Each structure stands twice: as C-alpha cells, then as structure tokens.
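These notes concern the structure reproduced below.
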Protein chains: 2
Amino acid sequence: MAVTIAEVAAAAGVSTSTVSRCFATPELVRGDTRLKVLGVAASLGYTPNRIARSLAVGRSRSIALIVPDIANLFFGRIVKSAQSRARTKDYAVFLADTDERAREEYDLAVAMGKQVDGLLLVSPRMSEEQLHDIAERTPTVLVNRPLAGRSCVLVPSTEGMWQAVQHLYALGHRHCAHIAGARGSWSSERRSLAVREACEEFGMTLTEFGPYEPFFSSGVRAADPLIASGATAVVAHNDIVALGVVSRLNERRVSVPGDISVVGADDTLLARAASPPLTSVRIPLEEVGRRSADLLLDLLAPGEVPPPVEEVRVETELIVRRSTGPVRQEPGTRTS
Amino acid sequence: MAVTIAEVAAAAGVSTSTVSRCFATPELVRGDTRLKVLGVAASLGYTPNRIARSLAVGRSRSIALIVPDIANLFFGRIVKSAQSRARTKDYAVFLADTDERAREEYDLAVAMGKQVDGLLLVSPRMSEEQLHDIAERTPTVLVNRPLAGRSCVLVPSTEGMWQAVQHLYALGHRHCAHIAGARGSWSSERRSLAVREACEEFGMTLTEFGPYEPFFSSGVRAADPLIASGATAVVAHNDIVALGVVSRLNERRVSVPGDISVVGADDTLLARAASPPLTSVRIPLEEVGRRSADLLLDLLAPGEVPPPVEEVRVETELIVRRSTGPVRQEPGTRTS
DNA sequence: TTGAAAGCGCTACCAT
DNA sequence: ATGGTAGCGCTTTCAA
C-alpha cells in the first residue's frame, strides 16, 4: 500500500489538514512547517492519491478525447497536440476511438462524460440534440462541428479549398471533379461547399462524387467514375482519398499530373511522402489540438464564472506540389 | 449532482449494501429484490460512480498506454486496437505520448502508474533498471522491448527482414544498404541484425547507415550517402524513412525501382499509398495491440495468482510491391 | 438474503 | 497558522 497523508502527518507531527494544505494551498502554511512536511513527505515517498482527491473534490482533473479514428493521421495529430497540452496543465487524458461508427458516439460520450471533468469531441457525427444533451451534462468542446451556444474549434477550410480551385484554374483546367467526404461530417459539407462556390466563381465545370468514407479504398473506388466524367482535375476530400485516386489512376495508366491533376487536403505526411508529392490544403492540426484543449481547460478553470462560448477558426492554405500540373489535352480526348 | 446509491436504496426500500450488490455481485441478491432495485435505479438514472468505487476497491479499472508518438501510424494502429480491446473489457484507457523523448518516459510512467491498474509501455527507450522499477510498482506489459521476467509482446521482424533480403537477392541485387532505426530501440536492433544475417547468408555486400529517428526527413537525409555507397537496393527501418529516401532519390533523378530498389517496413498505409507502392514488411499491428492489451488485463484479473510472464511474438512477412525491381545496371556505373 | 457500519485517502469547513 | 472532523460514494466485513 502506498504512503497516506495520515502517515506523513504522524511522522511530521502535524495534522492531516496541514499536510493536505502543503500540497493544495502551500501559501496557507507557514514556511518552516511546509518545508518540514514536504521533507518528510519526500523521504517517505508520499504522493497524493488522485482518486481519493477526486472523490473529495468532486473533480478528477482528467478529460476524455473522443475521435473517429486514431489511426487516421488527421486525428492522430490533433490527439497528439491536445493530449500534450492537457498534460502540461496536469490533466490526464482518456482516449476513446469510435472507429468511425457514429452510432456508438453518443453512448460512449455519455459514459466517459461521467468519469471526467470535460469532453473533447473531435468531428462528432451524432445529432445536434445528442450533442446538446452531452454538453449539458459535461463541459464539452467540439472540434469540426459547430453547435449553437457551445465552444468549438472549426476548420472550414474555405480559404484553402478556394485556393485549390484557383490553382487548378490557373493551370488551365476547366472541368474539375470533387470527391466528397463522409456523410454527416460538417467539414465534408464545408469543403464541398467551398469547392462548389469556387468553381462557380471561376466558371469551371464541376462534377461531384460522394460521399465517401475517409479510406484509401474510397479513393480507389472513386477513380473510375472520375475518369469517365472527363474531368482533368480533382479535389479530394482528404489526402488518403486523393492517394487512393492516384493509385487507381496509375493502374489505369492515367498520368498524374500529366492527364489529371490531383489535390488532397489536410496535408498530412501522406501528401509529402507521396510520389509525386501531393498538392494539398494545409490544416494547422497541431493548433487545432492545442486550442481545443485550451478552450476546454478554460471551461474547467474554477475562476471562470460565465463559461465563455467561443468559436475558434483556424486558417488554411494550399501547399502546391507536383501532383498538379497544366492541362495537357482537351477534355474527352483521353483514350483510357 | 448525480444520483447516489443512497437515493436508490431509499427509493427501493433497501439498504445501500443491497444496491451495491445488485451491481457488483447480482447473484448474491434474491431475484425479485434485484429486479426491483435495478428498476428503481434505472428510473432514477443511477449509474455507479467509478471514482468512488475505485477508492473503495483500491483499483480504478483503467490502464495507461505510453507511446513515443501517436501521430506515427505504427503506434497509432497499436493504440487503436489496444484501446478498443481494453474498452470491451470495461477498462478506461489513458493515453500519454512521450514525443520520442526517452528522458521523460520514466517520470511519465511512474506518474501514470499511480493512477491506473496497469501500464502498457510501447517501444520504451528507458533503461532496464528503470523498466524493472516501474514494473515492480505497477503491473506492466512491454511492447517491442524484452525484459527478463516481464510480460512482453515482441516483433523481432526477423522473418520479414530475411524475406526482404531474399527478395532483393533474387532480383539480382548484390549490394544492399540498410538504414537503421533509432538508437536504443530494440526493434531497430533486431531489424538491423536480421538484415545483417540475411545479407551474410546470401553473400551480399551490406552497407549500414544510421541510426536515424523515424522521420521522413531522416530518409531524405540518408538518401545521398546511400547513392554514394553504390548500393542498388536498400532496406529501410520503416516506411516513413523509406519514403523519405524515395523522395530524395526522385529529386536526384535516381529511379525507383529502376536504379535502386527500396523496401520499407511496418506496411503502414504509407506503403500502399505511395507511388510506386512500397514493398514492405508487414507487421500485424492490430494483433500486437490486441494481444498486449489482453496480456495486461490478464495480469490484472483477480483470479490469477502467479502473474504469468509471457513473451508473445508475432509473425511478419514481406509484401512485395512495385518499389522493388531487378537490377538494371552494374553497381558503380550510375552517373548520379 | 439483507442490513449496519467501518473504512478507502483526501478535502474543506469550522474552531481555536 | 493549525487541528478536528464530517463527509465524497461505494464496498465489504460481520451480524442478524
């Protein structure tokens, strides 16, 4: 059994209250007493029992991160920075992965919500009612999902998607395809909308495909209809899907960027590591993780009286790489 | 405030002991009483407070996963499956990322070890003394790091690396390079050793580079010395590094696999998504996560008296893709 | 089969 | 500035 506060108190010749104060509110203890207690505690190897403290205080100093898929680099990077940020503020972080199953999100969030002080829901797909219900019970911050009256960190990607279309237009493309992301995903909708608006603005023909789940296989599947559509450029919902497209295009002997230009999104490692490297819309995912963690921890801070509802938006930008190139031929003349 | 056991007891007209039993040991309660209590509990929306239970029982029904880098697909996949497995057994999972900083591993593990029932250390780099010290205090399972008398899940990759060399030899390569992984990493050492032994067996010349941290930039950096070495094939420590190499080779106008064949390891999404797709050594990471979680939870099971020390090894195999090809020219004649 | 009550380790209020 | 003590919500003997 670990050393308890009572043993420290006995060994230091003070009461348990004093020992407790030395750790919780050191400024309320006289200098020499504190030094003595801390010394005894150290020599005994005492460390406060967080569980006991949680029970007494009613707060656990822990938060839970709920994400659709940790093995997706997009979420991996968010989790990494959010987790790191939370730990610097002495919050422990629970992680739960819904495996892209929207159905289980709610139950999971409710269950986790009871054992933590706050919830960070990343790209949740559940209904607004369910989200409100959860936020009502546990302080919650949403990532990539707006909700009236709740704190959220949003990445509409509008600017980046617009830049992507502008880039393609400038290269001579006039028929663009878009491969949309998952149904029910707010960021998918925003990205699709941004592409649609940009194409309209530039007078480009747009063919839309989707929704597709964010898997490599989705891109592979989307490639054939894409070829058939006659589009010479494609903006995919994200890098994974984009590379699935590239893979299938290679198989079909369609050259990238010779015959078709491909743009991804998220600018994950995949984009840089691909050959040719993928032009992609950069999302500051580390910033997203950091700011969402900060937002949540602020909500939990005892000082704050009126929980500040904020809507943080981060900037996105197009990173141009070799996967996009000028139009080489007229649409429709391709033999494949 | 949430509903407590006392309120349920009052409403059901029984004692708190009985309510407690209904949830913990239902078989010790008479059928009708149990039904009644459970009914009342449900109607009141009661759920046991895990923190209070933890304090009373002395166990938290939670484990911690400590990994070097969650944003690395290798660890991401392990975390994903381990986490999922633990949750099916009603264990909550803490996640902590050391950001590849071996120095902080120990302190982190010690700190986390106090608030959880068990620790899953993935590819730890700390010293054996430190590992023993931690395992002594908290039930621990190691992944990718053997330790006398402790449970661990190991992936020596020997078979897969051997197959890689055999494959390259069969394609006509006679001079192979190896780009080693991080210093202090057990799996790096094992992989290097396996390549060394295989090259010797096949009578191939081997040039070794490294150690390199598992980053894309490491591969980029390793490519130039690789070219200078005159090797026609390279086995990289993992996919990320391999793709860094490919990227730089492309820049240098060295064709893959025309001039140099490249083999990666881990067979992450990166390998499949690359163009040309990367030949890679497949590691059953989901199995690693699942089995390590199982091992740990078995250690924690109350039934077990003598903690079974196991050493689980999983099988690896080479997945051949287009990044490897026959030798096109004699070593040394390349002009680059 | 059920109940009473003593903790689990810590905090926080109330005294002093 | 310090001590006494009543909980926090649940589990677990021990009795009945």
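Every value quoted in this text rests on a predicted model; they were computed, and no experiment measured them. Below, chain A is the first sequence line, B the second, and so on; all start at residue 1.
- With rounding to the nearest 0.5 Å, the separation of CG in Leu38(A) from SG in Cys22(A) is 6.0 Å.
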Measure all distances between protein nitrogen or oxygen atoms and nitrogen or oxygen atoms of nucleotides 13-16 of chain C, and list the pairs falling under 3.5 Å.
residue, atom, partner, partner atom, Å
dC13(C), N4, Arg21(A), NH2, 3.4

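- Atom P of nucleotide dT11(D) and atom CD1 of Ile51(A) are separated by 14 Å, given to the nearest angstrom.
- For Leu55(B) and dC10(C), the CG to C1' distance is 8 Å, given to the nearest whole Å.
- Side-chain N or O atoms of Arg34(B) include one that pairs as donor or acceptor with a backbone N or O of Pro26(B) at under 3.5 Å.
- Atom pair Lys114(A):NZ and dC10(D):P shows a separation of 12 Å (rounding to whole Å applied).
- Residue contacts for Val19(A): at a heavy-atom cut-off of 4.0 Å it reaches no nucleic acid atom on any strand shown.
- In this entry the distance linking CZ of Arg59(A) with C1' of dA12(C) reads 14 Å, nearest Å.
- Looking at the side chain of Ala56(B), the nearest of the listed nucleotides dT11(C), dG9(D), dG3(C) is dG9(D).
- A donor-acceptor distance shorter than 3.5 angstrom exists from the side chain of Lys36(B) to the backbone of Ala12(B), with no hydrogens or angles considered.
- The minimum heavy-atom distance between Thr138(B) and Val116(B), with the atom names listed, is CG2-O, 4.2 Å.
- Among the nucleotides dT11(D), dG9(C), dT11(C), the one closest to the side chain of Arg53(B) is dT11(D).
- The CD1 atom of Ile5(A) sits 5 Å away from the P atom of dC10(C) (whole-angstrom rounding).
- One N or O on the side chain of Gln130(B) and one on the backbone of Ser127(B) form a donor-acceptor pair closer than 3.5 Å.
- Put simply, Ser20(B) has a side-chain N or O that comes within less than 4.0 Å of OP1 or OP2 on dT11(D).
- At whole-Å resolution of the value, CD in Gln115(A) and P in dC10(D) are 14 Å apart.
- Listed pair Thr4(A) / dG9(C) fails the phosphate criterion, with no side-chain N or O lying under 4.0 Å from OP1 or OP2.
- The line from CG of Leu121(A) to CE of Met112(A) is 11.0 Å long, rounded to the nearest 0.5 Å.
- Within the 4.0 angstrom heavy-atom criterion, no nucleotide atom of any strand lies near Phe23(A).
- To the nearest 0.5 Å, the span separating CD1 on Ile66(A) from CG on Leu108(A) amounts to 4.5 Å.
- Regarding Arg61(A), its CZ atom lies at a distance of 12 Å from the P atom of dT11(C), rounded to whole Å.
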Please tabulate, for side-chain N and O atoms in residues 78-85 of chain B, each donor-acceptor pair with protein atoms closer than 3.5 Å (sequence neighbours left out).
residue, atom, partner, partner atom, Å
Lys80(B), NZ, Asp69(A), OD1, 2.6
Lys80(B), NZ, Asp97(A), OD1, 3.4
Lys80(B), NZ, Asp97(A), OD2, 3.4
Lys80(B), NZ, Asp99(A), OD1, 2.7
Ser81(B), OG, Arg77(B), O, 3.4
Ser81(B), OG, Ile78(B), O, 3.3
Ser81(B), OG, Glu286(B), O, 3.0
Gln83(B), OE1, Asp97(A), N, 3.1
Gln83(B), OE1, Arg87(B), NH1, 2.2
Gln83(B), NE2, Lys80(B), O, 3.2
Arg85(B), NE, Asp294(B), OD1, 2.8
Arg85(B), NE, Asp294(B), OD2, 3.2
Arg85(B), NH2, Asp294(B), OD2, 3.0

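- The stretch residues 31-42 of chain A has no heavy atom under 4.0 Å from DNA chain C, so no residue of it qualifies as close.
- Straight-line distance from the CG atom of Leu28(B) to the P atom of dC14(D): 16 Å, rounded to whole Å.
- Under 3.5 Å, the side chains of Ser62(A) and Ser60(A) contain a donor-acceptor pair of N or O atoms.
- When each of dT2(C), dT11(D), dA1(D) is scored by its nearest atom to the side-chain atoms of Arg30(A), the top-ranked nucleotide is dA1(D).
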